[in-house]
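Structure, as structure tokens:
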Amino acid sequence: MRLATWNVNSVRARLDRVLAWIDRSDVDVVALQETKCKDEQFPEQAFLDLGYEVAHHGLSQWNGVALVSRVGLEDVSTSFSADVPHFGEPAVAEARAIGATCGGVRVWSLYVPNGRGLDDPHYVYKLAWLQELRSAGAGWLAQDPRAQVALVGDFNVAPTDEDVWDVDFFAGATHVSEPERAEFGSLVDAGFADVVRPYAPGPGTYTYWDYTQLRFPKRQGMRIDFVLGSPALAERVSGATIDREERKGKGASDHAPVIVELAPNA
DNA sequence: ATGACTGGCAGCGCCAGA
């Protein structure tokens, strides 16, 4: 089974690219982030025409997550916990998570809050959101240590200095701060391994490149999109790739798709 | 060339992204 995650930065603005990529990439399950639309605006029929089912969770022009699958899409949930933090005044629920069982794997498409700045309320929200995700994930594994769970998406954290093109450039910024890295580390320690890294070693291996300043052709990016697998899922991983070809050309998302190959369940 | 931000929405600037 081939499982992918991709922050598409608007599914409507680049629907043709998204569909073409799915069609040629032979992926069974795709987790999308930043669809940037409400449910009623999501172009569901185009995915159905390709032979995929879709579950989308979008509440406004911001955020938005989806799961696209041709191997089943069951038990859809739009919240990994009853206590997912909300943001703003008044506090509003955001569309940053959707989970479903696809081909026997519990897949969560996640769009972790950006944080905006270290002194911004959004940063507090980001840390709380990650903490709640870790708590939920640890709970699932406590209930079933052999659970097949994939936490995938845009984590908006660069776990190590090697995961950004220039550490000094990001000094004092989000994505690289110790508290964020600690939360990401807690998720890994809870049993969710970065299953892509062994197949996509660094340095200089990224999943995101800013649209400005020629960051992509200069190979100045960040590694912030991940597939984190539970122990039982990680055992099945036989390969992984970051498709940086898809970052090229007119109309590309600023994130590249990340694909994981899973061996048949033993 | 892999190329000098982009998307959405209100409305022809502004916020958000990271």
Side-chain angles (χ1 to χ4, degrees), chain A residues 5-18 20-21 32-43 56 58-66 86-89 92-96 109-127 129-130 153-181 183-184 204-226 241-258:
Chain A
T5 183
W6 188 13
N7 179 322
V8 291
N9 185 17
S10 175
V11 71
R12 290 177 295 168
R14 63 189 102 266
L15 181 60
D16 290 349
R17 272 190 85 129
V18 171
W21 183 84
L32 303 177
Q33 300 87 39
E34 277 211 271
T35 57
K36 287 188 170 175
C37 65
K38 300 176 184 177
D39 287 345
E40 59 266 32
Q41 298 172 309
F42 188 90
H56 177 255
L59 300 170
S60 70
Q61 73 267 42
W62 305 118
N63 316 306
V65 283
H86 293 188
F87 180 69
E89 276 300 332
V92 179
E94 297 186 317
R96 294 184 177 276
S109 179
L110 305 167
Y111 179 44
V112 177
N114 172 288
R116 297 180 185 168
L118 299 186
D119 57 354
D120 195 296
H122 209 257
Y123 180 72
V124 178
Y125 170 54
K126 179 181 194 173
L127 294 178
W129 200 96
L130 282 167
D154 178 357
F155 284 77
N156 272 323
V157 176
T160 74
D161 287 353
E162 208 174 69
D163 298 318
V164 294
W165 63 274
D166 181 2
V167 167
D168 294 333
F169 181 86
F170 292 95
T174 58
H175 295 63
V176 300
S177 74
E178 277 314 309
E180 291 164 81
R181 287 178 169 177
E183 288 298 345
F184 187 90
T205 297
Y206 308 122
T207 64
Y208 162 87
W209 299 261
D210 198 301
Y211 283 127
T212 68
Q213 304 295 125
L214 292 170
R215 293 293 181 222
F216 182 63
K218 289 178 181 170
R219 297 179 176 268
Q220 298 175 336
M222 308 174 79
R223 192 172 72 100
I224 55 177
D225 300 88
F226 297 93
T241 53
I242 298 167
D243 188 359
R244 67 185 302 287
E245 288 298 310
E246 180 54 33
R247 179 63 180 77
K248 296 178 181 179
K250 189 173 173 60
S253 169
D254 41 5
H255 295 253
V258 179

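By convention in this document, chain letters (A, B, ...) are assigned in the order of the sequence lines, proteins followed by strands, and residues within each chain are numbered from 1.
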Quiz item: Do the rings of A/F155 and A/F226 sit parallel, tilted or perpendicular, given the 30° and 60° boundaries?
Solution: perpendicular
Quiz item: Are A/K36 and A/N9 close enough that a side-chain donor and a side-chain acceptor fall under 3.5 Å?
Solution: yes
Quiz item: Base, sugar-phosphate, or nothing for A/Y111, non-hydrogen atoms under 4.0 angstrom?
Solution: sugar-phosphate
Quiz item: Can A/R17 and A/E246 be counted as an ion pair, charged N to O under 4.0 angstrom?
Solution: yes
Quiz prompt | Within residues 158-170 of chain A or reaching into it, pairs that qualify as salt bridge (Lys or Arg N to Asp or Glu O under 4.0 Å) - sequence neighbours excluded | solution = A/D161-A/R181, A/E162-A/R197, A/D163-A/R197, A/D163-A/R223
Self-check item: Spacing of the C1' atoms in B/dG3 and B/dC9 (rounded, Å)
Solution: 28 Å
Practice problem: Look at all strands and tell whether A/E34 reaches a base, only sugar-phosphate, or nothing, counting heavy atoms closer than 4.0 Å. | Solution: sugar-phosphate
Exercise. Scan A/N7 against the nucleic acid and name what it touches under 4.0 Å (heavy atoms): base, sugar-phosphate only, or nothing.
Key: sugar-phosphate
Self-check item: Side-chain heavy atoms of A/V112 within contact of A/R96, under 4.5 Å
Solution: no
Practice problem: Test for a donor-acceptor pair under 3.5 Å between the base of B/dA18 and the side chain of A/N114, counting only N and O atoms. | Solution: yes
Exercise. Return the value, rounded to whole Å, for the distance between atom CZ of A/F170 and atom P of B/dA18.
Key: 12 Å
Practice problem: Could you check how far NE2 of A/H122 sits from P of B/dA18, rounded to whole Å? | Solution: 10 Å
Exercise. Quick one: label A/D154 by what it contacts on the DNA or RNA (base, sugar-phosphate, nothing), any heavy atom closer than 4.0 Å.
Key: sugar-phosphate
Practice problem: For nucleotides B/dA4 and B/dC15, find the distance between their C1' atoms and express it as a whole number of Å. | Solution: 22 Å
Quiz prompt | Length of the OH-P vector between A/Y123 and B/dA18, whole Å | solution = 16 Å
Self-check item: Heavy-atom closest pair, residues A/T174 and A/G115
Solution: CG2-C, 3.9 Å
Show each protein N/O and nucleotides 1-3 of chain B N/O combination with a separation under 3.5 Å, one pair to a line.
from  : atom 1 : to     : atom 2 : distance (Å)
B/dT2 : O4     : A/R219 : NH2    : 3.3
B/dG3 : OP1    : A/G249 : N      : 3.0

Exercise. Using a 4.5 Å cut-off on heavy atoms from C-beta on, say whether the side chain of A/Q41 contacts that of A/Q61.
Key: no
Quiz prompt | Partners meeting side-chain hydrogen bond (donor to acceptor under 3.5 Å, both in side chains) with A/E245 (sequence neighbours left out) | solution = A/K248
Quiz item: Taking CD from A/Q220 and P from B/dA4, how many angstroms apart are they, rounded to a whole number?
Solution: 14 Å
Exercise. Quote, to the nearest angstrom, the P distance that separates B/dT6 from B/dG11.
Key: 24 Å
Strictly under 3.5 Å: I want the nitrogen or oxygen pairs between protein and nucleotides 6-10 of chain B, one per line.
from  : atom 1 : to    : atom 2 : distance (Å)
B/dG7 : OP1    : A/R14 : NH1    : 3.4
B/dG7 : O3'    : A/S10 : OG     : 3.1
B/dG8 : OP1    : A/S10 : OG     : 2.3

Quiz prompt | Interatomic distance at P, B/dA18 relative to B/dG7, whole Å | solution = 14 Å
Quiz item: Between A/H255 and B/dA18, is there a side-chain N or O to OP1/OP2 distance below 4.0 Å?
Solution: yes
Quiz item: Tell me: CZ of A/R116 to C1' of B/dA18, nearest whole Å?
Solution: 12 Å
Quiz prompt | Residues which pass salt bridge (charged side-chain N to carboxylate O under 4.0 Å, His left out) with A/R244, listed by chain and number, not counting sequence neighbours | solution = none
Exercise. Using a heavy-atom cut-off of under 4.0 Å over every strand shown, decide if A/Y208 touches base, sugar-phosphate, or nothing.
Key: sugar-phosphate
Exercise. Return the value, rounded to whole Å, for the distance between atom CG of A/D254 and atom C1' of B/dG17.
Key: 7 Å
Exercise. Determine the interatomic distance between P on B/dA10 and the same-named atom on B/dA16; round to the nearest Å.
Key: 15 Å
Self-check item: Qualifying residues under side-chain contact (heavy atoms from CB on, under 4.5 Å), relative to A/D120, sequence neighbours excluded
Solution: A/R116, A/H122
